[in-house]
*Asks:* 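If you scroll down you'll find the structure; I have some questions about it.
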Amino acid sequence: MEIEFSKLINHKVIVIGPEFFDKERLENVRLLGVDATGIWIESEEVLNRTVEKYRVKPTAPGLAFFIPFAHITTILASFEPTATA
C-alpha cells in the first residue's frame, strides 16, 4: 500500500522533531498541510510552551507551526477513520 501523507491533513499525528518540542515525549498535533519541504501543524500545547519560553504573545488563536522535513525524526499516524478529529 502506498501512503500519501497529504491524505492525513486534518488528522492528529504524533511528531518527534524540532527543538521547540519537548525531546522527552512525543507531540500529538493536528496536521494542517504538507509542502514540498515540510509540514504545517497546529498544537495548543506546543503554542503555550513556545509563548512561555520566548515570552511572546500569539497574534491569534490556532497559530500554525511550519516544520521542515529535515527537522523531523519520526511521524506516527493512523489511517483509521477514528483518527480524525
Side-chain angles (χ1 to χ4, degrees):
M1 174 177 89
E2 186 175 320
I3 297 174
E4 292 182 44
F5 196 46
S6 61
K7 288 188 177 182
L8 292 172
I9 291 174
N10 289 319
H11 285 248
K12 294 279 188 171
V13 296
I14 297 173
V15 177
I16 303 171
E19 292 178 9
F20 61 79
F21 287 166
D22 184 340
K23 292 182 181 185
E24 296 300 315
R25 63 176 198 230
L26 303 172
E27 294 293 339
N28 189 357
V29 301
R30 178 181 307 282
L31 182 65
L32 298 177
V34 180
D35 286 352
T37 58
I39 62 173
W40 288 94
I41 58 113
E42 177 183 58
S43 169
E44 187 173 330
E45 190 175 320
V46 172
L47 174 62
N48 290 339
R49 283 200 316 267
T50 303
V51 166
E52 183 178 314
K53 181 176 181 177
Y54 295 105
R55 301 188 193 290
V56 295
K57 289 185 178 181
T59 56
L63 293 177
F65 292 91
F66 179 77
I67 308 172
F69 286 126
H71 293 274
I72 298 170
T73 305
T74 305
I75 297 175
L76 305 170
S78 172
F79 284 94
E80 296 297 319
T82 57
T84 61

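This one's a predicted model, so the numbers in the text were calculated from it and none came from an experiment. Because only heavy atoms are used, hydrogens play no part in the values below, and waters and symmetry mates are left out as well, while side chains stay in.
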*Asks:* F65 and side chain to side chain contact (heavy atoms under 4.5 Å, CB included): which partner among L32, I41, I39?
*Replies:*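 The passing option is I41.
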
*Asks:* At what distance, to the nearest 0.5 angstrom, does OG1 of T74 lie from CD1 of I16?
*Replies:*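 One gets 4.0 Å once the value is rounded to the nearest 0.5 Å.
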
*Asks:* What pair of heavy atoms forms the shortest contact from V15 to I75, and how long is it?
*Replies:*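 Shortest heavy-atom separation between V15 and I75 comes out as CG2-CG1, 4.4 Å.
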
*Asks:* Got a second to check how far K12's NZ is from N28's CG, nearest 0.5 Å?
*Replies:*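 K12 atom NZ to N28 atom CG measures 5.5 Å (nearest 0.5 Å).
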
*Asks:* Rounded at 0.5 Å granularity, tell me how far CG in L31 sits from NZ in K7.
*Replies:*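 Separation between the atoms: 14.0 Å.
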
*Asks:* Any donor-acceptor pair under 3.5 Å linking the side chain of R30 with the backbone of E42?
*Replies:*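 Not a single qualifying donor-acceptor pair exists.
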
*Asks:* Let me confirm one number: the NE2-CZ distance from H71 to F66, rounded to the nearest 0.5 Å.
*Replies:*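 Output value for this atom pair is 9.0 Å.
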
*Asks:* Minimum heavy-atom separation for S43 and V46, please, with both atom names.
*Replies:*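 It is OG-N, 3.1 Å.
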
*Asks:* Do F69 and V34 come close enough that some side-chain heavy atom pair is under 4.5 Å?
*Replies:*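 In short, these two side chains touch, coming nearer than 4.5 Å.
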
*Asks:* Are E52 and R49 within salt-bridge range, i.e. N to O under 4.0 Å?
*Replies:*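 No, this pair does not count.
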
